[in-house]
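Okay, structure first, notes after.
Both backbone and side-chain heavy atoms feed into the values below; hydrogens, waters and symmetry mates do not. Just so you know, these numbers come straight off a predicted model, no measurement behind them. Just follow the structure's listing: the first ligand is 1, and inside any ligand the first atom is 1. Throughout, numbering of the chain's residues begins at 1 and tracks the sequence.
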Amino acid sequence: MTRFRQHSSHWGAFTARMRDGRLELKPFDRDPDPSPLLANLAAAIDHPARLRRPLVRRGWLDDGPGPDPRRGSDGYVEMDWDGALALTAAELRRLGAGPDLPQAGALPGAQVFGGSYGWASAGRFHHAQSQVHRFLNTVFGGYVGSVDTYSTGAGSVILSLVWGPSPVLTRDHPTWRELKDETELLIAFGGLPLRNLAISPGGNSEHAARSVLEAAARRGCQFVSISPLADDVADIGDPTRLAPRPATDTALMLGMAHRLHATGRVNRAYLDRYTTGYERFEAYLTGAADGVAKTPEWAASICGISAKDIAGLADRAASRRTLVTVSYALQRAENGEQPVWMALTLSAMLGQGHLPGAGFCYGLGSIGNIGKDKLDVPLPTFPQGRNRVADFIPVARISDLLLKPGEAYTYKGETRHYADIRLVYWAGGNPFHHHQDLAKLRAAFARPDTIVMHESVATASTRHADIVFPATITAEREDVGAAANEPFLFAMEPLVERPETAGCGPRDDYDLFCALADRLGCGPAFSEGRSAGEWLAAMYEPTRAALAARGLAAPDYEAFREGGVLALPLRDEEGAIRRFHRDPAANPLQTPSGRIELWSDVVAAAGLPGHPAWLPPREWLGAPQAARHPFQLVANQPANRLHSQLDFGATSMAGKTAGREPARLNPADAARLEIAAGDVIRLWNDRGGVLAAAAVSAAIAPGVVQLATGAWYAPVDLPGVGPTCVNGNPNAVTADIGASPLSQGCAGQLSLVSIEKWRGAVPPVVPHAAFAAAERSDPA
Ligand code: PGD
């Protein structure tokens, strides 16, 4: 394969070719700021962590399906495809899969968890989650799914009640264009880190954030980043950096709001026209309701920023065109709804939402495609079929689902009950990376009868599954690269041959679902008789037809593949937020009142205050628990990889110290604990421990330790301290709690830990290759 071929990833498009056994890669020529993550892919081509043959867990093979605490410590046996597919089909049939599903009443899918959360790869046809959902819909009539995302659970639930569906509003609003041209002051709660902006689910062709920020700065726009990590904003335009105690942004915003109130700068006309419920919020703000005025002084005592700075920031915001943004990170925490709702309230009090470049934006800086212009044509998608099982969980409740069948929990004001799950089917995600309190997840994964997983590489999750199928990687497949708000469609080509292992190499998720569906008598219903290429051509057709209908160049499928890249038209119209502000009666928001709700009956009925409020979480630096575990762990998104993907890649490995993930702490804390850069340190609490390589940085606020997610979970029983992840996965110590009874969102960003220099014998990191170890004998 000597010609450069088109491809795409969540972090950027590129062309590549194999030369002298190495992948040579060129970023997309329209990309002004390509991501360093592109360099991670090459290692995947023939990495020893690649899965090449189906694996079956030794205990499952010997003793059959059933709950089993050996998951996570058991051995694996390699099988050939026929043997593994036959075993799996028999197990799925035992659980009710097949062509003769009941038309009414209980479906076998009601005991199958198929939420299968995970980002997998960028191509739209080989999108693992769509594939697994279509398969389960076909053979089980459906599955217990999941709603919301690990990215934004608390934030999207609260906004869906008080602002409207956040994906619609944030993706339907040209915020970057307005920021470049109009904004005078950007107040970014949670910062605006370029590392997050490099990523978009499905692809990110032009990394424009840096140039937009530079242009805005040249025009005189000022930036304020509010984060305990000073490098959550780039050094563009001399940004003001304020470092509150983590988890206290709501208090800081309340202090600002009180200042606006006390100085008569609340925009009452805006509140009257566009919002409901301000009076009830105001009674809380002033203390009329609870006797505590939320003054800047009050806020300062909680968040650690001086009252003068809080008041000064409110004054600055009120005197210029101000955009208030709040990042996903802030809501990935207990009571994570509050900073999002309070930022919306603060911006409503400033009353500039009707002005271009001002108002409120959720998630700008959290992910690349928010705030970009919207597309005018539909994108290719793989149809998932109909899920006839209505049951679901909020996505981050996976451990509770498996551990507590029948138990009640609440979600959006409803009382629901966890299903009794016998089968877990996962493709394209890494729960032993992404979920919190991984020791608890291990106990949860001991419960089902059977866990089937498709993966390209042997992750910690595959080491907890019973049947593991090796999937191809994106570089081995033909696909189409497309993403919301992305103005290009990419004809992704295979870049390398797929590895063969004695005629038994990895397969595409689609091919292996076809093979299973065939064995279950559901082949035609799953595949509709189409090859992958035929599906791709069919998926492309709605986009082509829409282009033709607009009189634009609309190449047929072959011509599109030949060209490699197709530019898509953008919609030249105001977004939903502008339409609402132009005429709120004609274009109401999708909230009960049609307006921005600063009081919500639905939220109040769910047992939370009906207005945004400072609700201290259990784990923050002002909590009683901080006496035992005095450091706030910020477990954020990594700069050197996407989540846990390609953790063995060049950029990811370059960020580690002797193969171990770095944990950054403030120089004063490091000195007090006698920790030097490069030392191995232990972070721990009652849930477990994790080893990391110390990095000392003034960018980290005192009392804070930052350890990014994504190192592969490798628990080792260390003498004297018990199970400890020796590779540096922070989810060994994070809390598995819902953000609140309202949203049940992921709360993994912030926890309390203790830190010590590890003085015992330093255990080696577990290399990625070791996760792939298996017996080679074929048992069949
Ligand atoms: P990835 O590492 O992207 O993490 O969690 P997610 O599970 O999405 O996992 C994707 C997996 O899919 C990889 O292991 C990859 O090898 C595999 N894969 C890729 N392509 C294919 C394919 O074609 N077929 C198959 N079968 N497999 C494939 C991410 C999640 O983590 C997210 S989105 C967020 S925002 C959360 N963030 C945090 C956080 O901030 N703090 C904490 N503590 N925890 C978090 N967890 C969440």
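Residue R57 forms a side-chain hydrogen bond (donor to acceptor under 3.5 Å, both in side chains) with just one option from T462, T450, D466, and that option is D466.
At a 3.5 angstrom cut-off on N or O pairs, T459 does not count as close to ligand 1. Between H643 and ligand 1, a contact under 3.5 Å exists for at least one N or O pair. Taking distance alone, with nitrogen or oxygen atoms compared against 3.5 Å, V457 stays at or beyond that limit from ligand 1.
Summarising the contacts of atom 39 (C) of ligand 1 with A747, G748, A635, the nearest heavy atom is found in A635. Counting only non-hydrogen atoms, the option in R332, H127, H10, R641 that gets closest to atom 40 (O) of ligand 1 is R332. Taking only non-hydrogen atoms, the option from Q129, H434, H435 nearest to atom 7 (O) of ligand 1 is H434.
Ion pairing between R195 and D232 holds under the 4.0 Å rule for side-chain N and carboxylate O. Using a cutoff of 4.0 Å between basic side-chain nitrogens and carboxylate oxygens, D46 and R52 are not scored as salt-bridged.
Ring geometry, W535 versus F125: the interplanar angle falls under 30°, so the pair is classed parallel (tilted spans 30 to 60°).
In summary, the atoms of ligand 1 found under 4.0 Å from a heavy atom of G429, numbered by their order in the structure, are 7 (O), 10 (C), 11 (C), 12 (O). Heavy-atom proximity to S644, at under 4.0 Å, picks out these atoms of ligand 1: 1 (P), 2 (O). Atom numbering of ligand 1 starts at 1 in the shown order; those under 4.0 Å from a heavy atom of N731 are 42 (C), 43 (N), 44 (N). Here is the list of ligand 1 atoms found below 4.0 Å of a heavy atom in S151: 33 (S), 35 (S). Of all the atoms in ligand 1, the ones that sit under 4.0 Å from a non-hydrogen atom of Q436 are 42 (C), 43 (N), 44 (N), 45 (C), 46 (N). For ligand 1, the atoms closer than 4.0 angstrom to any heavy atom of N430 are 7 (O), 9 (O), 14 (O).
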**OP:** Check the pair F513 / H454 against ring pair (Phe, Tyr, Trp, His ring centres under 6.0 Å), numbers first and verdict last.
**Re:** CA-CA 10 Å; F513 281 131; H454 298 191; 4.5 Å; yes

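Looking at atom 42 (C) of ligand 1, its nearest protein heavy atom turns out to be T709 CG2, 3.4 Å. H433 CD2, 3.3 Å is the protein heavy atom nearest to atom 4 (O) of ligand 1. Of the protein's non-hydrogen atoms, Y150 CB, 3.7 Å is the one closest to atom 36 (C) of ligand 1. Regarding atom 8 (O) of ligand 1, its nearest protein heavy-atom neighbour is W119 N, 2.8 Å. S121 OG, 2.6 Å is the protein heavy atom nearest to atom 20 (N) of ligand 1. When only non-hydrogen protein atoms are considered, atom 3 (O) of ligand 1 lies nearest to Q645 NE2, 2.8 Å. Among all protein heavy atoms, the one lying closest to atom 38 (C) of ligand 1 is Q637 NE2, 3.7 Å. In terms of protein heavy-atom proximity, atom 25 (C) of ligand 1 is closest to D509 OD2, 3.6 Å.
Under a 4.0 Å heavy-atom criterion, Y328 is not in contact with ligand 1. The closest approach between any non-hydrogen atom of P730 and ligand 1 is not below 4.0 Å. Residue R477 places a heavy atom under 4.0 Å from ligand 1.
Taking the six-membered ring for Trp, H127 and F382 have ring centres at least 6.0 Å apart. The six-membered or imidazole ring of W119 lies near that of H643, with a centre-to-centre distance under 6.0 Å. Taking the ring centroids of F140 and F135, they lie at or beyond the 6.0 Å cut-off. Ring centroids of W426 and F113 are separated by less than 6.0 Å, placing the two rings close together.
Under a cutoff of 6.0 Å and an axis angle of 45°, R507 and W81 form a cation-pi pair. Annotation: cation-pi pair R134/F526 present, NZ/CZ under 6.0 Å from the ring centroid and within 45° of its normal.
Among residue pairs with one or both ends in residues 727-740, those qualifying as salt bridge (Lys or Arg N to Asp or Glu O under 4.0 Å) are R397-D736, K440-D736; sequence neighbours excluded.
In summary, the side chains of N727 and K656 do not present any donor paired with an acceptor at a separation below 3.5 Å, with no hydrogens or angles considered.
G190 and S327 make their closest contact through CA-OG, 3.6 Å (heavy atoms, listed as atom of the first residue, atom of the second, distance).
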